[in-house]
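To keep things clear, I will list the structure first and then write my remarks on it.
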Amino acid sequence: MFLHTHPYEPFLFEDASKLIVGTLPPPRFTTGDLKEGDVDFCYGSRDGQLWPILDRIFGLNLDFETTEKAIRQRMDFLKERKIGICDIVQSAERSKIDASDLGMENIVLRDMFTYIQQCPKVDTLLFTGGNSKNGPEYFFRKYLKEQGFILEPVSNEVPRVHKFVLPCTNLDISSKTPVKLKDNMERIIKTVSLIAPSGAANRAVGSLKLYKKMKDENPEFNTIDFRVLQYKEFF
């Protein structure tokens, strides 16, 4: 069995208001055997679509190469837009070394409340995938249930939106010590289950009525275009 550990610590900072939440990058990011065009940072796979999507939405002119400059471009963008990253899976075992979420076994989840509490302004979690087995929403539901909480539906339209109430404490990001909030103060966190930014999700996109309608109206419209429209609303 291959022990697939997350190669990156959560990218958190005090002003973050949103967190991107996924699972694990491809195993080569754990072993360090990167391919040409990979960026050694969260969602840096040359096969992934998150950064190309954001590049299009915001006109970032990003470099897609294994350089420190490419990493810095992404960090600067995230801080400017007040977006952090905190994937929910810390580690998993695999009998087959690939990037499939379904192939993960003996999964260890991160303590998401601890990380969210370090960022007192976070009010939105952006899941890079839905509630299919071993997706980020699936794991977050499992995590919440273990903590005695649930996701409450806000909208069942794609992308689905939910909310939950965070325990009424924050953690100081420098000392990681609990800080009590004002009496009766609750943090209501919204979650958005975006279509996964991976080629594996293209079939799911193609089955959506809205996508089919847009494709009929413009035959050149594709699954990346659809994601750009969806992500633009929430980033």
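The first residue in the sequence is number 1, and the count goes up from there.
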Handout entry: Path from V108 to M104 over hydrophobic side-chain contacts below 4.5 Å
Key = no
Handout entry: E217 atom CD: more than 12 heavy-atom contacts under 6.0 Å
Key = yes
Practice task
Give, for atom OG of S91 and atom CG of L24, the distance between the pair rounded to the nearest 0.5 Å.
Solution key: 8.0 Å
Handout entry: I195 CD1 to N202 CG distance, which is reported to the nearest 0.5 Å
Key = 9.5 Å
Handout entry: Criterion side-chain contact (heavy atoms from CB on, under 4.5 Å) on V158 and L210, from CA distance to verdict
Key = CA-CA 9 Å; V158 176; L210 180 58; over 6 Å; no
Fill in the blank from the handout: Using a 4.5 Å side-chain heavy-atom cut-off and chaining through intermediate ILVMFWY residues, the residues clustered with I150 come out as none
Fill in the blank from the handout: Connected to L34, directly or through other members, by ILVMFWY side-chain contacts below 4.5 Å are Y8, F29
Fill in the blank from the handout: Value for CG (D33) from CG (D38), rounded to nearest 0.5 Å, stands at 9.5 Å
Fill in the blank from the handout: Rounding to 0.5 Å, atoms CD1 (I107) and CZ (R94) come to a distance of 8.5 Å
Practice task
Answer yes or no: does atom CD of E65 have more than 12 heavy-atom neighbours from other residues, nucleotides or ligands under 6.0 Å?
Solution key: yes
Completion exercise
Residues passing the side-chain contact (heavy atoms from CB on, under 4.5 Å) test with K121, sequence neighbours excluded, are D15
Problem - Whether over 12 other heavy atoms sit under 6.0 Å from E146 CD - result: yes
Handout entry: Sequence-distant partners of T23, side-chain hydrogen bond (donor to acceptor under 3.5 Å, both in side chains), two or more places apart
Key = D101
Practice task
Write out all pairs satisfying ring pair (Phe, Tyr, Trp, His ring centres under 6.0 Å) with one or both partners inside residues 187-225, taking only residues at least two apart or from two chains.
Solution key: Y211-F221, Y211-F226
Exercise for the section: Compare all side-chain heavy atoms of F77 with those of E80 and state whether any distance is below 4.5 angstrom. Expected result: no
Fill in the blank from the handout: Value for CD1 (I189) from NZ (K163), rounded to nearest 0.5 Å, stands at 12.0 Å
Handout entry: Worked check of side-chain contact (heavy atoms from CB on, under 4.5 Å) between V89 and H6
Key = CA-CA 7 Å; V89 177; H6 205 298; 5.7 Å; no
Handout entry: Any residue meeting side-chain hydrogen bond (donor to acceptor under 3.5 Å, both in side chains) with R141, in chain and number order, not counting sequence neighbours
Key = E137, H162
Problem - Whichever hydrophobic residues join L102 through chains of side-chain contacts under 4.5 Å - result: none
Handout entry: Y143 side chain vs M112 backbone, donor-acceptor pair below 3.5 Å
Key = yes
Handout entry: Donor-acceptor contact below 3.5 Å, side chain T67 vs main chain A70
Key = yes
Practice task
Can you sort out the partners of K209 under side-chain contact (heavy atoms from CB on, under 4.5 Å), two or more places apart, ordered by chain and number?
Solution key: none
Exercise for the section: Taking all heavy atoms of C119 and all of A16, pick out the closest pair and write down the distance. Expected result: CB-O, 4.4 Å
Handout entry: Nearest-0.5 Å distance that lies between atom NZ in K215 and atom OG1 in T223
Key = 8.5 Å
Exercise for the section: Write down the atom of I224, the atom of N222, and the distance for their closest heavy-atom approach. Expected result: N-OD1, 3.0 Å
Handout entry: Under 3.5 Å side-chain donor-acceptor pair for S45 and R28
Key = yes
Exercise for the section: Indicate yes or no for a side-chain donor-acceptor contact from R160 to the backbone of G130 under 3.5 Å, with no hydrogens or angles considered. Expected result: no
Practice task
Determine which pairs satisfy ring pair (Phe, Tyr, Trp, His ring centres under 6.0 Å) with at least one residue from residues 117-139, sequence neighbours left out, and list them in order.
Solution key: F127-F140
Fill in the blank from the handout: For M75, the side-chain contact (heavy atoms from CB on, under 4.5 Å) test, sequence neighbours excluded, returns F11, F41, I71, R72
Exercise for the section: Indicate if F64 and I85 have the same hydrophobic cluster label, given that clusters are the connected sets of ILVMFWY residues with side-chain heavy-atom separations under 4.5 angstrom. Expected result: yes
Ignoring hydrogens and angles, write down the donor-acceptor pairs under 3.5 Å from the side chains of residues 49-58, residues two or more places apart or on other chains.
{"from": "Q49", "atom 1": "OE1", "to": "R227", "atom 2": "NE", "distance (Å)": "3.4"}
{"from": "Q49", "atom 1": "OE1", "to": "R227", "atom 2": "NH1", "distance (Å)": "3.4"}
{"from": "W51", "atom 1": "NE1", "to": "C42", "atom 2": "O", "distance (Å)": "3.0"}
{"from": "D55", "atom 1": "OD1", "to": "L60", "atom 2": "N", "distance (Å)": "3.4"}
{"from": "D55", "atom 1": "OD1", "to": "N61", "atom 2": "N", "distance (Å)": "2.8"}
{"from": "D55", "atom 1": "OD1", "to": "L62", "atom 2": "N", "distance (Å)": "3.0"}
{"from": "R56", "atom 1": "NH1", "to": "D225", "atom 2": "OD1", "distance (Å)": "3.0"}
{"from": "R56", "atom 1": "NH2", "to": "D225", "atom 2": "OD1", "distance (Å)": "3.0"}

Practice task
Would you kindly confirm whether V161 and L229 end up in one hydrophobic cluster when ILVMFWY residues are joined by side chain heavy atoms under 4.5 Å apart?
Solution key: no
Exercise for the section: For residues A196 and A201, report the shortest heavy-atom separation together with the two atoms involved. Expected result: O-CB, 3.6 Å
Practice task
Kindly check if the number of other-residue, nucleotide or ligand heavy atoms within 6.0 Å of NZ (K82) is above 12?
Solution key: no
Completion exercise
For S193 and P159, the nearest pair of non-hydrogen atoms, with its separation, is O-CB, 3.2 Å
Fill in the blank from the handout: All heavy atoms of L12 vs all of C86, minimum pair found to be CD2-CB, 4.3 Å
Practice task
Find out whether D87 and Y43 are in side-chain contact, i.e. whether some heavy atom of one side chain is under 4.5 Å from a heavy atom of the other.
Solution key: yes
Handout entry: T191 side chain vs L125 backbone, donor-acceptor pair below 3.5 Å
Key = no
Fill in the blank from the handout: Tested for side-chain contact (heavy atoms from CB on, under 4.5 Å) against Y231, the lone hit among L194, L126, V192 is L194
Practice task
Could you tell me whether the side chain of T30 and the main chain of T5 form a donor-acceptor pair under 3.5 Å?
Solution key: yes
Practice task
Compare every heavy atom of P27 with every heavy atom of F2, then report the nearest pair and how far apart it is.
Solution key: CE2-CB, 3.6 Å
Completion exercise
E105 meets the side-chain contact (heavy atoms from CB on, under 4.5 Å) criterion, sequence neighbours left out, with M1, S95
